[in-house]
Amino acid sequence: MNWDLLEPLLIIISIDIILGGDNAVVIALASRNLPPEQRNKAILLGTGLAIAARVLLTMVALYLLQIPFLQLIGGLLLFYIAMKLLTDTEDTDHIKAGDSLAAAVKTIVFADIVMGFDNVLAIAGASHNNIVLVIIGLLVSVPIIVWGSRIILVLMDKFPLLIYFGAGILTYTAAEMVMEDRYILQYMEDYPLIHQWFAVVMVIAVVTLGYFSNKRKGTAV
């Protein structure tokens with residue numbers, strides 16, 4: 001596998017894992033009221049259906065991003081999502097635990113679809129229209145999220161800088177989406193330095209703004 005394929009695949013897997021913390025919490029909360037023998041079924045069924053839904057949504061997003069200026073809009077929206085990842089302190093108390101296998105699976109799937117919008121948009125931008133990379137990325141990262149969810153959450157709690165790393169990946173992807181919009185690209189041909197350094201500048205800007213925003217709220221690390 002050459003670097004042109006490996007780079008977006010590694011970015012997709014990183015996005016899935018970094019943004020998978022919330023999904024791991026959803027899985028844990030949605031299945032917490034089930035008897036032990038049904039928990040694994042709920043996790044496997046819910047995650048499997050969530051993966052299928054995520055692939056379909058990403059395929060739709062890949063198609064939509066071909067529409068003029070939507071890649072630009074998607075990139076700008078992803079900048080916002082990256083900032084929200086850094087500064088959002090919402091808890092997950094609103095996730096309702098299912099008291100049956102079907103209810104738990106439904107909660108996992110619907111919550112994943114709603115909460116997974118950032119993943120879908122980021123993956124669509126990082127995949128460069130290659131749905132095979134999307135599927136491979138999901139197949140590799142989802143088992144890590146499901147079975148390693150506790151480790152991921154512990155690491156994020158212990159090393160909050162991982163959140164900044166994740167926001168940096170999202171920002172880099174957003175910057176590439178903006179620069180790859182065909183209408184923006186035709187204007188950037190005369191400004192190669194802007195095209196080359198835009199992603200770096202935006203990563204520094206978003207991470208810095210997120211840090212000072214958190215510092216102002218007393219939550220900076």
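Of all non-hydrogen atoms in I184 and M179, the two that sit nearest each other are CG2-CE, 3.9 Å. The minimum heavy-atom distance linking A199 with Y172 is given by the pair CB-CD1, 3.7 Å. Nearest approach of P8 to A126, heavy atoms of both residues: CB-O, 3.2 Å. Taking each heavy atom of G168 and V203 in turn, the nearest pair found is O-CG2, 3.6 Å. In terms of heavy-atom proximity, L133 sits nearest to L9 at O-CD1, 3.8 Å. Residues V178 and G75 approach most closely at CG2-CA, 3.9 Å, considering heavy atoms.
In terms of hydrophobic clustering, with Ile, Leu, Val, Met, Phe, Trp and Tyr side chains grouped at heavy-atom distances under 4.5 Å, I11 and V200 are assigned to different clusters. Residues Y80 and Y211 share a hydrophobic cluster, clusters being chains of Ile/Leu/Val/Met/Phe/Trp/Tyr side chains in contact below 4.5 Å. Hydrophobic clustering (ILVMFWY, side-chain heavy atoms < 4.5 Å, transitive): I12 and F165 are in one cluster. Residue M202 is not grouped with residue L193 when hydrophobic side chains (ILVMFWY) are merged at heavy-atom distances under 4.5 angstrom, including chains of intermediate members. Note on L76 and F198: same hydrophobic cluster, where clusters join Ile, Leu, Val, Met, Phe, Trp and Tyr whose side-chain heavy atoms are under 4.5 Å apart, directly or indirectly.
A distance of 10.5 Å separates CD1 of I135 from OG of S127, quoted to the nearest 0.5 Å. Atoms CG and CE, on L77 and M177 in that order, are 8.5 Å from each other to the nearest 0.5 Å. To the nearest 0.5 Å, atom CD1 of residue I13 and atom CD1 of residue I169 are 11.0 Å apart.
Residues satisfying the ring-ring contact (aromatic ring centres under 6.0 Å, His included) test with F69, not counting sequence neighbours, are Y183. Residues passing the side chain to side chain contact (heavy atoms under 4.5 Å, CB included) test with I194, sequence neighbours excluded: M188, Y191.
At least one side-chain heavy atom of N214 sits less than 4.5 Å from a side-chain heavy atom of Y164.
Between the side chain of S213 and the backbone N or O of L209, no donor-acceptor pair lies under 3.5 Å.
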Show your reasoning for whether side-chain contact (heavy atoms from CB on, under 4.5 Å) applies to H195 and L185. CA-CA 9 Å; H195 190 276; L185 192 59; 3.7 Å; yes
